[in-house]
Amino acid sequence: MSRLNAREIEPKWQAAWAAAGCFTARRDPARPKYYVLEMFPYPSGRIHMGHVRNYTMGDVVARYKRAQGFNVLHPFGWDAFGLPAENAAMERRVHPEDWTRANIATMKAQMRPLGLSLDWSRELATCDADYVGHQQALFLDMLAAGLVTRKASVVNWDPVDMTVLANEQVENGRGWRSGAVVERRELTQWFFRIADYSEELLAAIDTLKAWPDKVRLMQANWIGKSQGLQFRFEIVGRAEPLEVYTTRPDTLFGASFAAVSPDHPLARALEAESPALATFCAECRRTGTSEEALETAEKRGFDTGLRVVHPLDDTITLPVYVANFILMDYGTGAIFGCPAHDQRDLEFARRYGLAVTAVVSPDGAPFEVGDTAFTDPGRMINSRFLDGLTIEAAKAEVIARIEAAGRGSARTNFRLRDWGISRQRYWGCPIPVLHCPTCGVVPEAKANLPIVLPKDIDFSPGNPLDRHPTWRNAACPACGGAALRETDTMDTFVDSSWYFARFTAPGAATPTDLDDAAYWMNVDQYIGGVEHAILHLLYSRFFARAMIRTGHLPESAAEPFDALFTQGMVTHETYAMPGEGGRTVWLSPDEVIRAEGSATLRATGAAVEIGPSIKMSKSKKNVVDPDDIIAQYGADTARWFVMSDSPPERDVEWTAAGAEAAWRHLQRVWRLTLEARAGGAGTPEAAHALDRATHRAIADVTAGIEGFAFNKAVAKLYEFANAVARSEAGAEARAAAMRVMAQLLSPMTPHLAEEMWAALGGAGLVVDAPWPVADPALLQCDTLTLPVQVNGKKRGDIEVPAGADRAAIEALVMADETVRRWLDGAAPKKLVVVPGRIVNVVL
RNA sequence: GCCCGGGUGGCGAAAUGGUAGACGCAGCGGACUCAAAAUCCGCCGCCGCGAGGCGUGUCGGUUCGACUCCGACCCCGGGCACCA
């Protein structure tokens, strides 16, 4: 048996692990715990290489920590609610739940052969009635604690399908099914009051030492703390003033207009009187709700004819516009425009012929602005009592004067808005409240939880809960009279904001068990896609605080993820064809025949457009199925392949090439194992050299795994295999080296490692063997090779004893033949010696 | 538009102020074989016979020395609050 048959050995060792209960986590206060978690998947249908990469990474960490003696928790679940299930229901007449459950079964069947060290006994799906009920209990507790509010906010409205659309369902401003131009519409919705935690969530970012800097920066920018001035413009001829927020009070004398959002109360009031303005506002609303859509739209405004009085000089008045680029959700929904020092304002002013007065100059000299607003530091000009001041001093002065005049005050603002959780959809967790004609909005009684979704529904566009004949009807928990259920369901981000806590006690009768949570929390290592860097992680950080406040987590869990690793995505080219009505039809790689520089549709031979390689996603269909690789080569090969080559934080473009090479390497390792058993006597020198190589490998592979540089750990394992292959050492020494090889391989290719371990007479299972430790003495070398540069370019090497000092190295350098040739008799101008690293001879 | 990343041989990459290209893929040459597969050995950034020159997206700077630090720009990707 010189070939390793993955199909035989992999199920065998998986059964052995299961029989030994290796991966079932049990609370054990005597042992240090380690909670490793990968972001749970959405059950979209089948697993793809991104999943394989993600879960293998987590598994390498879990198995490595286990070998180091930690009591490891490594659970798994399904982020099971969401839009695709409803789309499937409409497209294929499948019930969302049946579709989701079938997908979970399929994906689980695909996952199990990977041999992941998961505790499947803790598996959960967010659509489980149990999970739904506990989430509803959390909602009720948060409601009671004042963490929930209800207010108006805007949604994308499809006026043909009469339904709310997700941003993803808006394509070029039109509904994806109806093709109708989408409108913004205001609805009363449920919110979590995350904005109240802005300051705390921002400040605590500093404590997240083991998070990537880029994620911390993105979160900080998202929360967006700014210091500024909020003040009131008096409106000529109206009693009600216009409240404005600005971060540039210093530029107040450069103001040439004021503007409000089309959704601002003033705009709405004026609309009633002016059909022209109403038309303009209606046009503005004919765009999506995303910030991107608003910011990239052409800047347009409508002069209301109103004028506001300059707060620092009553003799100046400014026109008031309604402008499409102003967000109602940020600040007060109203601004003053200073075109010289804000690019957006500048474009607006040029378009509508408004004055552009520079009030900051780079050097304090008179200054004119051209096509580009001046936003750098400088000195104030054209600003009366502010002239000559720095921007910072001018800001302070303006704020002081406005405050003294009683027209406003300094104010800290946050970009972060409250978290709207209402969704007008079926496939989500029902919001457990009732609307009672007598009592108003009433929380459901906890005894009635879970409030589950009705199974008998119809799937035309819109919310089937609204149309259901009986589901809405319920008794009011307060007065007992007839009431109607809330038909909004929760944002699926709610589901993913506490699943990590539920995993610590998946059977508990309450959302969490405080003892279990205290033992297992926090997640020591969280792993997931960088696309979740802001929303999911921020919501989870908020939720942990809310759960502490409502008694569901211990104080120590406020930051639930100690260390975060954001893996790169697995990308793939996209394939598209024009479909009906100019819409794009995305094609999966299976449907396409790819040739050099072009692609055609497999079914008809029609030309297919090749798009950029981007994140694999259901909606773009650029998804690859890992089943073939596992079937052909086995799980170890697939695992080895996704860990090699690309650094884990970077995107990797999937290509079929390389799986073969991974398989060949694993076969080679197995051959080396068999050769080690059969080898001869060898020399002591060779045995010693192999021992050094072994300890070098232990040190390097350990460092690679610790540093999340799995690709480097893999490279070091290749080098170690090369060293063993070349070694003249005897059987015993080679077997010892290969036993260490088995241990070092075990986090990545656990089945092969077990097979090797057994073949080489290792005790028990390698999964239970403690991680090897490198002997520092064996990592030292007697001599080292120092590169010698001349004027910064490498010209040769010198051999120096390991502990050589500067003088000794200098002597060796000056004696070196190559150096003498470059010096040509002259003395060097300078000799840079960095012991242990390099020598540079400067001529 | 705003925020955050990335860009190094034919390809995936390594080197985070000190030998650019470890390791792997692809390719080329050889051994073994009747032959093929598998395996093993060697070569492998570009130009040049060579000495040597050039080379880490582009341009400029700091340094004895820059993929690495600083400034400006170009291209590609992620996020932008209802995709998950």
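Below, chains carry the letters A, B, ... as their sequence lines are ordered, and counting in each starts from 1. All values below come from the heavy atoms of this structure, side chains included, with hydrogens, waters and symmetry mates left out.
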Given 3.5 Å as the limit, does a donor-acceptor pair link the side chain of T56(A) with the main chain of R53(A), or not? no

Please step through salt bridge (Lys or Arg N to Asp or Glu O under 4.0 Å) for the pair R696(A) and E719(A), ending with a clear verdict. CA-CA 10 Å; R696(A) 183 81 260 158; E719(A) 285 183 14; over 6 Å; no

Parallel, tilted or perpendicular for H536(A) and H532(A), by the 30°/60° rule? perpendicular

Please enumerate all protein N or O atoms sitting under 3.5 Å from an N or O of nucleotides 21-23 of chain B, with distances to 0.1 Å.
| residue | atom | partner | partner atom | Å |
| --- | --- | --- | --- | --- |
| A22(B) | O2' | E719(A) | OE2 | 2.9 |

Under the ring-ring contact (aromatic ring centres under 6.0 Å, His included) test, residues paired with H665(A) that sit two or more places apart: W640(A), Y718(A)

Just to verify, what does E706(A) make a side-chain hydrogen bond (donor to acceptor under 3.5 Å, both in side chains) with, not counting sequence neighbours? Y64(A)

Using a cut-off of under 3.5 Å, enumerate the N/O to N/O pairs linking the protein to nucleotides 40-42 of chain B.
| residue | atom | partner | partner atom | Å |
| --- | --- | --- | --- | --- |
| C40(B) | OP1 | R668(A) | NE | 3.2 |

With sequence neighbours excluded, give me every salt bridge (Lys or Arg N to Asp or Glu O under 4.0 Å) pair touching residues 211-226 of chain A. E199(A)-K225(A), D213(A)-R216(A)

G48(B) and A22(B): how far apart are their C1' atoms, nearest whole angstrom? 27 Å

With distance as the sole criterion, do the side chain of E292(A) and the base of C80(B) form a donor-acceptor contact below 3.5 Å? yes

Please list all pairs meeting side-chain hydrogen bond (donor to acceptor under 3.5 Å, both in side chains) that have one or both residues in residues 826-843 of chain A, counting only residues at least two apart or in different chains. none

Pairing residues for W419(A) by the side chain to side chain contact (heavy atoms under 4.5 Å, CB included) criterion, not counting sequence neighbours: F192(A), I194(A), I421(A), D491(A), F493(A), V494(A), S497(A), Y539(A), F542(A), F543(A)

N/O-N/O pairs, protein side and nucleotides 3-6 of chain B side, under 3.5 Å:
| residue | atom | partner | partner atom | Å |
| --- | --- | --- | --- | --- |
| C3(B) | O3' | N221(A) | ND2 | 2.8 |
| C3(B) | O2' | N221(A) | ND2 | 2.9 |

Can you pull every protein N or O that's under 3.5 Å from an N or O on nucleotides 82-84 of chain B?
| residue | atom | partner | partner atom | Å |
| --- | --- | --- | --- | --- |
| C82(B) | OP2 | R423(A) | NH2 | 2.7 |
| C82(B) | O4' | R423(A) | NE | 3.2 |
| C82(B) | O4' | R423(A) | NH2 | 3.4 |
| C82(B) | O3' | N167(A) | N | 3.3 |
| C82(B) | O2' | N167(A) | N | 2.6 |
| C82(B) | O2 | R425(A) | NH2 | 2.0 |
| C82(B) | N4 | S422(A) | O | 3.3 |
| C82(B) | N4 | Q424(A) | OE1 | 2.9 |
| C83(B) | OP2 | N167(A) | N | 3.3 |
| C83(B) | OP2 | E168(A) | N | 2.8 |
| C83(B) | O4' | E168(A) | OE1 | 3.3 |
| A84(B) | OP1 | L83(A) | N | 2.9 |
| A84(B) | O3' | D79(A) | OD2 | 2.7 |

Between the main-chain N or O of I629(A) and the side-chain N or O of Q632(A), is there a donor-acceptor pair closer than 3.5 Å? no

Going through the distances and angles, do L745(A) and L717(A) end up as a side-chain contact (heavy atoms from CB on, under 4.5 Å)? CA-CA 8 Å; L745(A) 281 170; L717(A) 285 163; 4.0 Å; yes

When you compare G7(B) with A13(B), how far apart are their C1' atoms, in angstrom units rounded to a whole number? 13 Å

Within 45° of the ring axis of W157(A) and under 6.0 Å from its six-membered ring centre, is that where the NZ or CZ of R184(A) lies? no

Between U16(B) (C1') and E649(A) (CD): distance, integer Å: 13 Å

Do any side-chain nitrogens or oxygens of R664(A) fall under 4.0 Å of OP1 or OP2 in C25(B)? yes

Starting from the C-alpha separation in whole Å, work towards a yes-or-no answer on ring pair (Phe, Tyr, Trp, His ring centres under 6.0 Å) for Y499(A) and F40(A). CA-CA 9 Å; Y499(A) 74 109; F40(A) 64 168; 3.6 Å; yes

Residues that S422(A) engages under side-chain hydrogen bond (donor to acceptor under 3.5 Å, both in side chains), provided they are two or more places apart: D488(A)

Contact summary for F348(A) and A323(A), nearest pair of heavy atoms: CE1-CB, 4.0 Å

Using side chain to side chain contact (heavy atoms under 4.5 Å, CB included) as the criterion, list what pairs up with A88(A), not counting sequence neighbours. W99(A)

Show me, range against range, the stems involving RNA chain B, built from at least 3 consecutive Watson-Crick or G-U pairs below 3.5 Å. B:1-7 with B:74-80, B:10-12 with B:23-25, B:27-31 with B:39-43, B:45-47 with B:52-54, B:57-61 with B:69-73

